[in-house]
Amino acid sequence: MPREYRTIQEVAGPLMLVKDVENVKYDELGEIELPNGEIRRCKVLEINGSNALVQLFENSAGINLAESKVRFIGRSMELAVSDDMLSRVFDGLGRPKDGGPEIIPEKRLDVNGTPMNPAARNYPSEFIQTGVSAIDGLNTLVRGQKLPIFSASGLPHANLAAQIARQATVLGKDEQFAVVFAAMGITFEESNYFIESFKETGAIDRTVMFVNLANDPAVERIATPKMALTAAEYLAFEKNMHVLVIMTDITNYADALREVSAARKEVPGRRGYPGYMYTDLATLYERAGRKKGSDGSITLIPILTMPEDDKTHPIPDLTGYITEGQVILSRELYRKGLMPPIDVLPSLSRLKDKGIGEGKTRADHANTMNQLFAAYARGKEAKELMVILGEAALTDIDKLYARFADEFENKYVSQGYETNRTIEETLEIGWELLRILPRSELKRISDEYLDKYYEK
């Protein structure tokens, strides 16, 4: 029987101090009962002797110190999971938000998850087709990978996220595929855009959504990605599904961490973020992967907006250390009207060579990918020269490269948010562009593939 305490000492922002408690543990959940019978939830942040510092999930308005009661319920935060979660929308704490019934749980899982033994991990090696050429062709996503999207405020990362969630599939096999979508600190308008976008295309049937809005409490925002990853672990490792987890926006999550850390009067680290932010982000990202002996997998695409477009800011910086590459959206390409504005040169998927080639995508994939990168880089240099010295200063071959760069951006990268390209279509567009250049320039492609595809 949980004991009740009427010993609330003080309330400061999202924190509350309760005195003279017994047998209360770190991370334990509690309930606060207000004089009018309203119940609010909290969790223990710190135990000091018989004092417990708790963090409120809702706001602290209306808590009367003398007349409110606190009881601790002896367990940490859990998520009720079952097959019925698919096609449902929950709030950041896992409560239904779509007007549907509560989930009848098959089991309740601790949202902090259990760390995966590194020796039990399987190496990511299977190709996931997102239908977006700039990702599939050049920065390939591999099952079990963590591939963040680095965006900036005002860029259309929401459209790209929704597009990937709608289109992503694993080729050639009839496997169960699910998407877990976690949104943190987004506006009602954005949340509505995601839900409607998934409903229109029927993608909602295989999607579990956790939505924390900008006006929801910061504490709930910190719980949202944990809820989503717990749902993903259940679907992947107990139901053997292949799960793609998309989280937007990690910057809002980190800001919520900073807010709570400041309320706790912790010593701030870089730019006021807590010193343990690296560890905290790693505990989220590292829950993705593949396990030996399990058919399921979790692939993670965290999306973050870089404050002031600065990729050395602590959030993208630390994320880059923990994940396997990044897809970078560029303001310059956005201004040119490219959709999606993916800047392929600084983007990188560190595992792409593991997921492409014969039997996965196509034998010529690696060769053409390298050649496209090289030609685009040279084309951009030619265009910069053209700006400084005028077109007359370019050699004929440089003019071809400059034309290649323009065509590449307009045909390959810019495909709109409704187009779903198969990997064959993406590779064909690549070849079509390479035919702009004379065969003698294609030094990164073996003759065998040039004979087969270039001469078509």
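In this chain, numbering begins with 1 at the start of the sequence shown.
Atom-to-atom distance recorded for R143:CZ and L351:CG is 14.0 Å, nearest 0.5 angstrom.
L34 has its side chain within reach of I63: a pair of non-hydrogen atoms, C-beta onward, lies under 4.5 Å apart. Between V142 and K352 there is no side-chain heavy-atom pair separated by less than 4.5 Å. In this structure, the side chains of K336 and E409 come closer than 4.5 Å at one or more pairs of heavy atoms. No side-chain heavy atom of L86 sits under 4.5 Å from any side-chain heavy atom of T207. For the pair L235 and V208, the minimum side-chain heavy-atom distance is below 4.5 Å. Side-chain atoms of I301 and M247, non-hydrogen and from C-beta on, never get closer than 4.5 Å to each other. Within the 4.5 Å cutoff, the side chain of R287 has heavy atoms near those of the E233 side chain. Proximity of F210 to V89: side-chain heavy atoms (C-beta onward) are nowhere separated by under 4.5 Å.
In the displayed structure, Y321 atom OH is contacted under 6.0 Å by at most 12 heavy atoms of other residues, nucleotides or ligands. For K383, the NZ atom is densely surrounded, since the number of other residues' heavy atoms within 6.0 Å is greater than 12. Counting heavy atoms of neighbouring residues, nucleotides and ligands inside a 6.0 Å radius, atom CZ of F188 does not exceed 12 of them. Within 6.0 Å of atom NZ in K292, more than 12 heavy atoms from other residues, nucleotides or ligands are found, so the atom counts as buried in its surroundings.
Side-chain atoms of S349 come within 3.5 Å of backbone N or O of T140 as a donor-acceptor pair. Not a single donor-acceptor pair under 3.5 Å links the side chain of R88 to the backbone N or O of I103. Checked by atom type and distance alone, the side chain of S68 never pairs as donor or acceptor with a backbone atom of L65 at under 3.5 Å. Between the side chain of T7 and the backbone N or O of K19 there is at least one donor-acceptor pair closer than 3.5 Å. Side-chain atoms of D249 come within 3.5 Å of backbone atoms of T305 as a donor-acceptor pair (strictly under, hydrogens ignored). A side-chain donor-acceptor contact under 3.5 Å links Q167 to the backbone of T130. With hydrogens and angles ignored, the 3.5 Å screen pairs a side-chain donor or acceptor of S414 with a backbone N or O of M339. A donor-acceptor pair under 3.5 Å is absent between the side-chain atoms of E175 and the main chain of T169, judged by distance alone. At least one donor-acceptor pair closer than 3.5 Å links the side chain of K360 to the backbone N or O of S125. Formation of a donor-acceptor pair under 3.5 Å by the R40 side chain with backbone atoms of N59 is found in this model.
Between R264 and E46 there is a salt bridge, since a side-chain N of the basic residue sits under 4.0 Å from a carboxylate O of the acidic one. The existence of a salt bridge linking E266 and R258 is excluded, since no basic side-chain nitrogen approaches an acidic carboxylate oxygen closer than 4.0 Å. Ion pairing of E28 with K43 is absent here, as no side-chain N (NZ or NE/NH1/NH2) approaches a carboxylate O to less than 4.0 Å. Salt bridge E33/R71: present, at least one basic N to carboxylate O contact under 4.0 Å. A salt bridge is defined here as a Lys NZ or Arg NE, NH1 or NH2 lying under 4.0 Å from an Asp or Glu carboxylate O, and R75 with D110 fails to meet this definition. Residues E4 and R6 are not paired through a salt bridge, judged by the lack of any N-O separation under 4.0 Å between the basic side chain and the carboxylate. Salt bridge K69/E31: absent, no basic N to carboxylate O contact under 4.0 Å.
For residues 187-203, no pair satisfies salt bridge (Lys or Arg N to Asp or Glu O under 4.0 Å), with sequence neighbours left out. Each side chain to side chain donor-acceptor pair (under 3.5 Å) pair with one or both residues in residues 211-229, not counting sequence neighbours, appears once here: N212-E220, N212-R221.
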When you look at R166 and Q163, which way does the side-chain contact (heavy atoms from CB on, under 4.5 Å) test go after all the steps? CA-CA 5 Å; R166 292 193 309 262; Q163 181 177 16; 4.0 Å; yes
Working note: K97 + L213, criterion side-chain contact (heavy atoms from CB on, under 4.5 Å); need CA distance, chi angles, decisive distance, verdict. CA-CA 11 Å; K97 199 182 171 103; L213 296 176; 3.9 Å; yes
Using side-chain contact (heavy atoms from CB on, under 4.5 Å), reason through D295 and M241 one step at a time and then give a plain yes or no. CA-CA 7 Å; D295 290 340; M241 297 177 87; over 6 Å; no
As a quick check of understanding, evaluate salt bridge (Lys or Arg N to Asp or Glu O under 4.0 Å) for K107 and E238, giving each step before the final call. CA-CA 11 Å; K107 48 167 63 174; E238 302 200 13; 3.0 Å; yes
Step by step, work out the side chain to side chain donor-acceptor pair (under 3.5 Å) result for Y412 and E407. CA-CA 8 Å; Y412 195 96; E407 296 274 316; over 6 Å; no
Under the criterion side-chain contact (heavy atoms from CB on, under 4.5 Å), I'd like the reasoning laid out for T319 against L281: C-alpha separation, chi angles, the key distance, then a yes or no. CA-CA 7 Å; T319 295; L281 289 173; 4.1 Å; yes
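Residues satisfying the ring-ring contact (aromatic ring centres under 6.0 Å, His included) criterion with F194, sequence neighbours excluded, are F181. Partners of D317 by salt bridge (charged side-chain N to carboxylate O under 4.0 Å, His left out), not counting sequence neighbours, listed by chain and number: R270. In terms of the ring-ring contact (aromatic ring centres under 6.0 Å, His included) criterion, Y285 has no residue partners (sequence neighbours excluded).
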Using atom types as modelled, flag every donor-acceptor pair under 3.5 Å from a side chain in residues 146-153 to any protein atom, sequence neighbours excluded.
{"unit_1": "K146", "atom_1": "NZ", "unit_2": "E324", "atom_2": "OE2", "d": "2.8"}
{"unit_1": "S151", "atom_1": "OG", "unit_2": "H157", "atom_2": "ND1", "d": "2.7"}

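R421 and S133 form a side-chain donor-acceptor contact under 3.5 Å, judged by distance and modelled atom types alone. With no hydrogens or angles considered, no side-chain donor-acceptor pair links R206 and S87 at under 3.5 Å.
Annotation: cation-pi pair K291/F237 present, NZ/CZ under 6.0 Å from the ring centroid and within 45° of its normal.
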